[in-house]
Amino acid sequence: MLPKAYSPSDTEDRIYQLWEETGAFHADAKSKKEPFTISMPPPNATGQLHLGHAVMLALEDIFIRHARMQGKEALWVPGTDHAAIATENVVIRLLKEQGMKDPRKELGREKLIEKIAEFVEQSRGTIRGQVRKMGSSCDWERERYTLEPALNRVVNEVFARMYKDGLIYRGHRIVNWDPKLQTTISDDEIAWKEETAPFYTFQYGPFQIGTSRPETKFGDKYVVMHPDDERYAKYKNGDTFEAEWINGLVRATVIKDTAVDPAFGTGVMTITPWHDTADFEIAERHGLEREQIIDFQGKLLPVAGEFAGMPIEKARPLVVEKLKEKGLLVKTDENYLHNKATSSRGGGTVEPQIKLQWFIDVKKEVVTWKGKIMSLKQIMHEVVHSGDITILPDRFAKQYFHWIDNLRDWCISRQIWWGHRVPVWYKADETYVGITPPEGAGWQQDTDTLDTWFSSAMWTWSTLLDPKLAVDHSVTLEELLKRSPDFQKFHPTTVMETGYDILPFWVARMILMTTYAVGQIPFETVYLHGLIRTRDGRKMSKSDPDSMIDPLDMIAKYGTDALRLSMIVGQSPGADSRLYEEKIGGYRNFVNKLWNASRFILLQCESAEIDPHDIELFDQEGLTVADQALLSALQDLVTDVTAGLAEYRLSEVGERLYSFVWDYFCDWYLELSKGEANYAVLLHALRTLLKLLHPYCPFVTEEIWTHVKPEHAKLLIQEEWPLADEAFKNKDAFDQLQVVIDIITAIRKLRTDHQVPLDSHPEVVLVVQGKQDSLVDQVEQIVRMARIGALKIGSKPPQGEVASAFLSGIEVHMLLEGLVDKDKEKANLLKEQESLVAYAQVLRGKLENKQFIERAPHQLVSAEREKLAETEEKLKKIGERLGSL
RNA sequence: GGGCGCCUAGCUCAGCUGGUUAGAGCGACUCGCUUACACCGAGUAGGUCAGGGGUUCGAAUCCCUUGGCGCCCACCA
């Protein structure tokens, strides 16, 4: 027999192993079934499972398990990410901790990469194990890695093609330079932090200019103002003048540009094109000279004269001091609030620099999509706009369009070593771009690597390529796609499930890259989940360990099923949600409830000497009202759950299942079955519930299944999804059962209202109007559940001390043998009378309203009439009873 | 500056295209170890649905407006 409480820790690993060994996760590319594919967003190969992964895995596992049970060929491709900057940083830090001063210099490129690869290899097992812990039913035989050779081939090839198409170019552009990490980072990797800094106004020739960064001003020789600013109307574009400046006289030129806000400061500024994005753009427009002031270590260059070699933070006050001595400082505003760019990768201050970088041109119209020539930007817009790709919830489509509108060329080169190296080779003035190094001696490969999102952008399809074929360079990409059965069968993928925070980083770029490279959309639906926050709504962050909930701790304590439910139910898509232990505990209780309900059914079978495995079907003859009502309700449940899952309404479906199991199945049906059980119906209902619940809580359901399944049935994970059978729908049975439930509830209420001791069993008389034949069948159960002595169905209320309750069509009278407290009964009746009078008034008001009668739907009007009649009937009875007291 | 959300019981949240006296879970309170489950059962209390205005026979739901909170994008020297 099953133990009293369900123990996840004794069950989960065993069940997972069982699934894996039976090949339940494996998808077949040759199958004729309709494909259903998910590409798992790859966690960092060196990472630790956190709640973000946990929600992602839970959601995707629900989609996949449901699809699989529905008879689709369900493939979930797992994988890990090499996480370029993040991983390189970790390893460098570790090496430093081991006593190395500058690992890059000491080891050199090849050796450091080896070290990192070694580290990744060692630590990758951790995340794999943790993904399994969540119950993820992904196809491990197809596990992929973003830095594997097959992916490298595709990355190189797509790079080369884009280069040939003129979509990838190399240019001097202003980039976000992180002096601490010594690399470029993308716009999306910048974290803006608000800070207060002094804002200085200096005299610069005839103008006053404002700046918060005087240390960059050494090379400034342009003053810029708005063309319509009347204060400066007498200066013309191109006028020159001399100005005394930090290190002596400079010759400056006037530039008129609309980028200047006349209302800010004095409406005049000098520009530093090498170290400021906006300034760079002004310089581009007017063809101005630009000069580097700060080097890549964050120190001033010789142009700074006496300040050369100084770190910028140190130079700032000294420069101000010098200008002040020269009498050029007009004023200082100490409370200037501005946003400072910091690197989200390493936390250092980002210093814009001009560097030779590789870019993807998103505006060039050279790509063919659906017979039209478009830019990458236009395609990205088109596929979502046309509905080829659906974004859920749809408000994120707006955000996506907004992001595309603001999209600039994408800088894809990074000055780190861990990643896909830029497939470009140089020899003197020659440049070669290709999949493999060029023939001949003297070629040097570009030292940069590619942005990690460049390779992740190909994730949905590169992971479906035949890995052996992919490294054969004589096979063209078109051939490769054609000859990869997985790609042919499973791409485009069905749904991409990920956090809304990487909609621009990743989702948009997958769309860009996949439409370009393989001419298909990467996925049909994008389902975005929200962030999981702490109970008081804060972000969980590593810097605040108390705020963190470790999913593995929660699994150890409450079980995977409970954790999964607590993250899915009550979470609406795209919205942040809060998680705390009590919530998980609540779902642990639910899992246990399900366990015990099953245990009870098995106990029933045991005492009746029935082996559940022998029972396949139930007999449709001789079903009680309760059985019929249950079967009917079950059909509705199947319909609702199936429809809800098809529309990705996971939270709603979860709640529906929760309340069905607990409130209906356990609290009513199982209670009623204590009088007289129909084992076959019990088993049928339980099996159906297990199937419906399996995607949400796979472990308990599979474990229970082994005890209750029909003898020849497969594992639950491989079972067929239930179909609703109209034949079992029986509204009458349901209504009749409701009457029984109402009677029991009324009797219980009378007992507590009059404080009838539990050990006394009063007699109850029901006065029934109309036909209530079905009641007779249920009498025994009513007697037992309501703990009454005898139940009679009569035509008149009994004489004597009686407490009464009035249902629609039925009066319940309880003989109290002197136990009744008249004052108490009177008080209760008065209270009920009050609420009924109020209700009747509301109804009457409605029905007296002509417009309501004319315009509201007819069914609604007649329903309201019926309700009023019932209410008035009840009031009449109460009045009579009150009169007799 | 541009955009997108949110404000419903003490707490966390459902309430879809307007239609019963607004729901759930947790918490609180009162009973209860009744042939699965105290990780339980039966009950009770608790809300002018952020404020104001409008449309409508009818608004938590649609429109306008005020206030508070949050997020995304852009970034101004």
Side-chain angles (χ1 to χ4, degrees), chain A residues 1-2 4-6 187-188 192 199 209-213 216-217 224 259-261 263-272 276-279 282 338-339 341 393 395-396 398-399 401-403 405-406 500-501 503-504 530-531 535-537 558 562 569-572 574-580 582-583 585-604 607 647 649 651-652 655 658-659 663 666-667 670-671 674 745 748-749 751-753 755 758 784-785 787 835-836 838-839 841-843 846 849-857 859-861 863-864 867:
Chain A
M1 187 37 56
L2 302 180
K4 238 177 161 184
Y6 170 63
D187 290 348
D188 305 299
W192 293 91
F199 185 74
I209 55 127
T211 184
S212 61
R213 304 206 51 192
T216 65
K217 296 286 160 197
V224 191
V260 178
D261 175 7
F264 186 88
T266 57
V268 185
M269 66 177 187
T270 62
I271 57 167
T272 314
D276 186 287
T277 319
D279 293 2
I282 293 172
H338 74 141
N339 284 325
R395 75 186 130 92
F396 283 102
K398 287 182 207 162
Q399 203 178 31
F401 289 133
H402 193 239
W403 182 80
D405 292 342
N406 288 314
Y500 66 74
D501 50 330
L503 175 66
L531 232 64
R535 175 199 286 279
D536 44 356
Y558 302 102
V569 183
Q571 150 92 300
S572 38
D576 292 356
S577 66
R578 303 175 188 208
L579 188 68
Y580 39 89
E582 294 94 306
K583 211 181 209 171
Y587 288 101
R588 185 267 321 264
N589 296 353
F590 170 73
V591 166
N592 193 241
K593 185 79 182 173
L594 181 68
W595 177 262
N596 272 296
S598 312
R599 192 168 96 98
F600 174 68
I601 292 170
L602 288 172
L603 284 169
Q604 298 260 50
S607 63
E647 289 165 37
R649 297 198 315 264
S651 173
E652 217 176 292
E655 263 178 78
Y658 180 102
S659 98
D663 303 335
C666 292
D667 289 349
L670 285 189
E671 284 304 320
K674 282 177 183 173
T745 309
R748 279 180 177 159
K749 189 166 164 15
R751 289 188 74 106
T752 42
D753 278 357
Q755 303 192 322
L758 265 178
R784 200 190 47 74
M785 285 186 69
R787 302 217 269 146
S835 83
L836 287 176
Y839 184 35
Q841 205 123 36
V842 170
L843 292 172
K846 259 190 171 174
N849 185 331
K850 268 190 190 164
Q851 263 126 337
F852 173 69
I853 306 291
E854 282 163 18
R855 303 199 192 175
Q859 294 131 319
L860 186 69
V861 177
E864 300 288 88
K867 270 180 244 157

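Reminder, nothing fancy here: chain letters follow the sequence lines and each chain counts from 1. Keep in mind that what you see is a predicted model, and the values were worked out from it rather than measured.
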ask   = Any sub-3.5 Å donor-acceptor pair from A:Asn596's side-chain atoms to A:Ala5's backbone N or O?
value = no
ask   = Just by distance, do the side chain of A:Lys674 and the backbone of A:Met785 share a donor-acceptor pair under 3.5 Å?
value = no
Residue [X], side-chain heavy atoms: nucleotide from [options] that is nearest:
X	options	value
A:Arg588	B:A77, B:A14, B:C39	B:C39
A:Thr745	B:G43, B:G19, B:A77	B:G43
A:Lys846	B:U21, B:A36, B:A14	B:U21
A:Leu603	B:C39, B:G25, B:A36	B:A36
A:Asp667	B:A38, B:U21, B:G41	B:G41
A:Ala5	B:A77, B:A14, B:C39	B:C39
A:Asn849	B:C73, B:C76, B:C57	B:C57
A:Val260	B:A36, B:C57, B:A77	B:A77
A:Ser212	B:C71, B:C11, B:A77	B:A77
A:Leu860	B:C37, B:G19, B:G25	B:G19

Would you say a side-chain N or O of [X] is under 4.0 Å from OP1 or OP2 of [N]?
X	N	answer
A:Asn596	B:C39	no
A:Lys593	B:G41	yes
A:Lys867	B:U21	no
A:Arg578	B:C13	yes
A:Ser572	B:A14	yes

task = Please state whether the rings of A:Tyr658 and A:Tyr587 are parallel, tilted or perpendicular, taking 30° and 60° as the class boundaries.
result = perpendicular
query = Is a donor-acceptor pair below 3.5 Å formed from side chain A:Arg599 to base B:C37, judging by atom type as modelled?
reply = no
query = Any donor-acceptor pair under 3.5 Å between the side chain of A:Gln571 and the base of B:A14?
reply = no
Round to the nearest Å and state the distance from [X] atom [atom1] to [N] atom [atom2].
X	N	atom1	atom2	value
A:Phe600	B:U34	CZ	P	15 Å
A:Leu503	B:C73	CG	P	10 Å
A:Lys583	B:U12	NZ	P	10 Å

Stepwise side chain to side chain contact (heavy atoms under 4.5 Å, CB included) check, A:Tyr558 with A:Val591 = CA-CA 10 Å; A:Tyr558 302 102; A:Val591 166; over 6 Å; no
